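Only one structure is covered here, and it is reproduced in the block below.
Predicted model only: the values in this text are computed from it and were never measured.
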Amino acid sequence: MCASRALSILLILEIFNKAITQQCLSGGKQESIFGWMLRGHIYKSMTLNHGHECLKVCRQDNRCQSFNWVISTNMCEFSDRTKEARPVDFVPDPDRYYYRRGMNRVPLGSIPELPAQTCEEIKASEEKAVSDEYWLQTVESRPPELTHCNMSTYTIFSSSSAIPVSALWWYDKDVASGETTDPSNNADMISSAFWLVGGTEFKITRSDDPQHTALLKTIGLCLSGETFRSKITNYGDFRNGKVWSKHKCLGRCCVHYGGQYQTTEGFKEAACNGEMQNASSIGFWCHWGAGDGSVMMIGGGGSSCNRADHGIGITEANSPSLATVNLVEKDFGSEAQSHNSIKTYSLNLWVN
């Protein structure tokens with residue numbers, strides 16, 4: 001989505017399209033991933049004869065969420081997290097395979113012996129987590145405390161300070177990068193949540209707003225359960241300079257505005273009703289006039305609303321495209337041709 005000087009994607013969930021084998025053991029669905037490991041969360045290890053003994057020990061320990069099996073040494077490394085909870089710690093290792101406990105795994109945060117650090121971590125770890133009280137340990141030196149977690153809140157997940165001419169943010173980038181845990185960080189970043197986490201709505205905030213007030217929030221099930229990448233890319237393949245539209249938007253969603261939107265770059269036409277769409281809309285893959293385009297146009301567009309190069313992922317070229325000759329493109333702004341790129345804040349994308 002939001003290729004903005006901040007497609008800021010926080011909460012993360014890493015990609016796993018490597019060699020994945022699924023096994024059914026004793027009625028519980030398990031998952032082994034060869035050539036990968038979860039680092040940083042090992043609380044005990046032991047030498048065993050084979051991986052099935054690892055699984056047996058793991059099942060007898062409420063703290064065990066997953067384990068790494070070290071092939072060369074027959075070592076079992078037990079972890080109190082899963083790759084879903086900590087995707088940035090899920091890394092390649094040719095001498096290991098990762099195994100996520102399936103049957104009778106104790107949910108993260110459900111007992112004091114297995115506290116989470118944040119509510120977001122529980123939400124990432126537990127697919128069916130509901131708003132309730134959970135055990136959190138936010139400071140390691142302090143004991144866990146029961147804390148209410150609202151699991152219906154938004155999850156931030158992407159940020160970039162420039163749309164690469166190859167359009168990698170939209171289509172191809174499949175490795176998380178940058179600071180993915182701090183929405184106040186004014187820098188590029190992208191989390192695998194961008195292509196892995198489905199949702200119903202999204203919102204946009206500014207990195208300089210500690211309250212994360214929505215500048216724009218969609219309504220009406222805009223994402224319909226899709227990931228943001230699938231939402232953006234299902235309108236077509238616009239890699240390598242392919243033109244995406246002419247005098248129209250290929251799609252749109254209804255929105256509500258708030259916070260500092262009136263003084264935020266890219267929102268200049270938020271109150272303008274135009275030929276292309278009304279003010280209370282965000283349009284996808286829009287174009288108007290001599291090359292003015294945007295991947296996400298905020299507010300109205302057309303001759304009465306400053307054409308179409310306002311919003312997120314804005315371009316100025318002979319035709320609306322990415323990676324064309326003499327193309328001007330920006331993460332976000334009120335006019336692509338202007339050279340006044342905003343460097344004091346980023347825009348953050350959150351999905352609910």
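Side chains of S346 and N186: a donor-acceptor N/O pair is present below 3.5 angstrom, by distance only. With hydrogens and angles left out, the side-chain atoms of Q117 and R86 include a donor and acceptor closer than 3.5 Å. For the residue pair Q260 / T213, no side-chain donor-acceptor distance below 3.5 Å is found, with atom types taken as modelled. A donor-acceptor contact closer than 3.5 angstrom is absent between the side chains of T82 and Q65.
For K231, the NZ atom is densely surrounded, since the number of other residues' heavy atoms within 6.0 Å is greater than 12. Atom CD of E133 sits in a crowded spot, with more than 12 heavy atoms from other residues, nucleotides or ligands closer than 6.0 Å.
Looking at E201, its side chain does come within 3.5 Å of a backbone N or O of G220 through a donor-acceptor pair. With E329 contributing its side chain and T315 its backbone, the two residues share no donor-acceptor pair below 3.5 Å. When atom types are taken as modelled, the side chain of Q277 and the backbone of G299 share a donor-acceptor pair closer than 3.5 angstrom. Checking side-chain atoms of D309 against main-chain N and O of E316 turns up no donor-acceptor pair under 3.5 Å. R229 places a side-chain N or O within 3.5 Å of a backbone atom of K173 that can act as its donor or acceptor partner. With hydrogens and angles ignored, the 3.5 Å screen pairs no side-chain donor or acceptor of H41 with any backbone N or O of K83. The backbone N or O of C254 sits nowhere less than 3.5 Å from a side-chain atom of S281 that would complete a donor-acceptor pair. Proximity of a side-chain donor or acceptor of N273 to a complementary backbone N or O of A279 within less than 3.5 Å is detected. Listed for the T218 side chain is a donor-acceptor partner under 3.5 Å among the backbone atoms of F202. The main-chain N or O of R142 is found under 3.5 Å from a side-chain atom of Q137 such that the two form a donor-acceptor pair.
Counting heavy atoms from C-beta outward, M103 and R59 have side chains that approach closer than 4.5 Å. Two residues are said to be in side-chain contact when any heavy atoms from C-beta on lie closer than 4.5 Å; I190 and W195 meet this criterion. In this structure the side chain of V57 reaches within 4.5 angstrom of the side chain of K44, judged on heavy atoms. Counting heavy atoms from C-beta on, the side chains of S79 and S66 come closer than 4.5 Å. You'll find the side chain of I232 reaches within 4.5 Å of the side chain of M296, heavy atoms only. Counting heavy atoms from C-beta outward, L136 and C119 have side chains that approach closer than 4.5 Å. Side-chain contact between D209 and Y345 is absent, with no heavy atoms from C-beta onward closer than 4.5 Å. Within the 4.5 Å cutoff, no side-chain heavy atoms of W285 are placed close to those of P320.
To the nearest 0.5 Å, the span separating CD on E53 from SG on C76 amounts to 9.5 Å. The SG atom of C54 lies 8.0 Å from the CE atom of M46; values are rounded to the nearest 0.5 Å. Note that the CD atom of Q262 and the OH atom of Y257 stand 11.0 Å from one another [nearest 0.5 Å]. With values rounded to the nearest 0.5 angstrom, S184 atom OG is found 8.5 Å from N348 atom CG. Interatomic distance, R252 CZ to L250 CG, rounded to the nearest 0.5 Å: 9.5 Å.
If you chain together hydrophobic residues whose side chains sit under 4.5 Å apart, L223 and I298 fall into the same group. Connection of L48 to Y97 is established within a shared hydrophobic cluster, with ILVMFWY side chains joined at heavy-atom distances below 4.5 Å, either directly or through further cluster members. Residues L349 and Y171 are members of one and the same hydrophobic cluster, defined by side-chain heavy-atom contacts under 4.5 angstrom among Ile, Leu, Val, Met, Phe, Trp and Tyr. Grouping the Ile, Leu, Val, Met, Phe, Trp and Tyr side chains by contacts below 4.5 angstrom, directly or via other members, places M276 apart from I312. One hydrophobic cluster, built from ILVMFWY side chains closer than 4.5 Å, cannot hold both I42 and Y99; they sit in different ones.
For the pairing with R39, the side-chain contact (heavy atoms from CB on, under 4.5 Å) check across D93, N68, D89 returns one residue only, D89. Screening W69, F90, W36 for a ring pair (Phe, Tyr, Trp, His ring centres under 6.0 Å) involving Y98 leaves a single residue, F90.
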- Could you go through the salt bridge (Lys or Arg N to Asp or Glu O under 4.0 Å) check for R63 and D61 one step at a time? CA-CA 5 Å; R63 193 176 175 187; D61 187 344; over 6 Å; no
- Task: For C272 and C305, run disulfide (SG to SG under 2.5 Å): C-alpha distance rounded to whole Å, both residues' side-chain angles, the deciding distance at 0.1 Å, then the answer.
- Result: CA-CA 6 Å; C272 186; C305 295; 1.9 Å; yes
- Worked verdict on L114 versus D80 for side chain to side chain contact (heavy atoms under 4.5 Å, CB included): CA-CA 7 Å; L114 188 63; D80 60 4; 4.0 Å; yes
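Pairing each heavy atom of V255 with each of I282, the nearest pair is CG1-CG2, 3.6 Å. Closest of all the heavy-atom pairs between P115 and L108 is O-CD1, 3.9 Å. Nearest approach of S304 to G274, heavy atoms of both residues: OG-CA, 3.6 Å. Among all heavy-atom pairs drawn from S294 and W244, the shortest one is N-CZ2, 3.8 Å. Taking each heavy atom of C249 and M297 in turn, the nearest pair found is SG-CE, 3.8 Å. Of all heavy-atom pairs spanning C253 and F284, the tightest one is SG-CE1, 3.8 Å.
Hydrophobic side-chain contacts under 4.5 Å tie W135 into a cluster, directly or through other members, with L146. Grouped with V91 in one hydrophobic cluster are M37, the linkage being side-chain heavy-atom contacts under 4.5 Å among Ile, Leu, Val, Met, Phe, Trp and Tyr residues. M75 forms part of a hydrophobic cluster together with V70, judged by ILVMFWY side-chain heavy-atom separations under 4.5 Å.
When the ring-ring contact (aromatic ring centres under 6.0 Å, His included) test is applied to H247, the partners found at least two apart in sequence or on another chain are H287, W288. Residues meeting the salt bridge (Lys or Arg N to Asp or Glu O under 4.0 Å) test with E126, sequence neighbours left out: R105.
Applying the ring-ring contact (aromatic ring centres under 6.0 Å, His included) test to every pair with at least one member in residues 203-224, sequence neighbours left out, gives these pairs: H212-W350.
Using a 30° and 60° split on the angle between ring planes, H52 and H50 fall in the perpendicular class, above 60°. Using a 30° and 60° split on the angle between ring planes, Y43 and F78 fall in the tilted class, from 30° to 60°.
Between D208 and R206, at least one side-chain nitrogen of the basic residue sits less than 4.0 Å from a carboxylate oxygen of the acidic one, meeting the salt-bridge criterion. A salt bridge links R81 and E121; the closest N-O separation between the charged side-chain nitrogens and carboxylate oxygens is under 4.0 Å.
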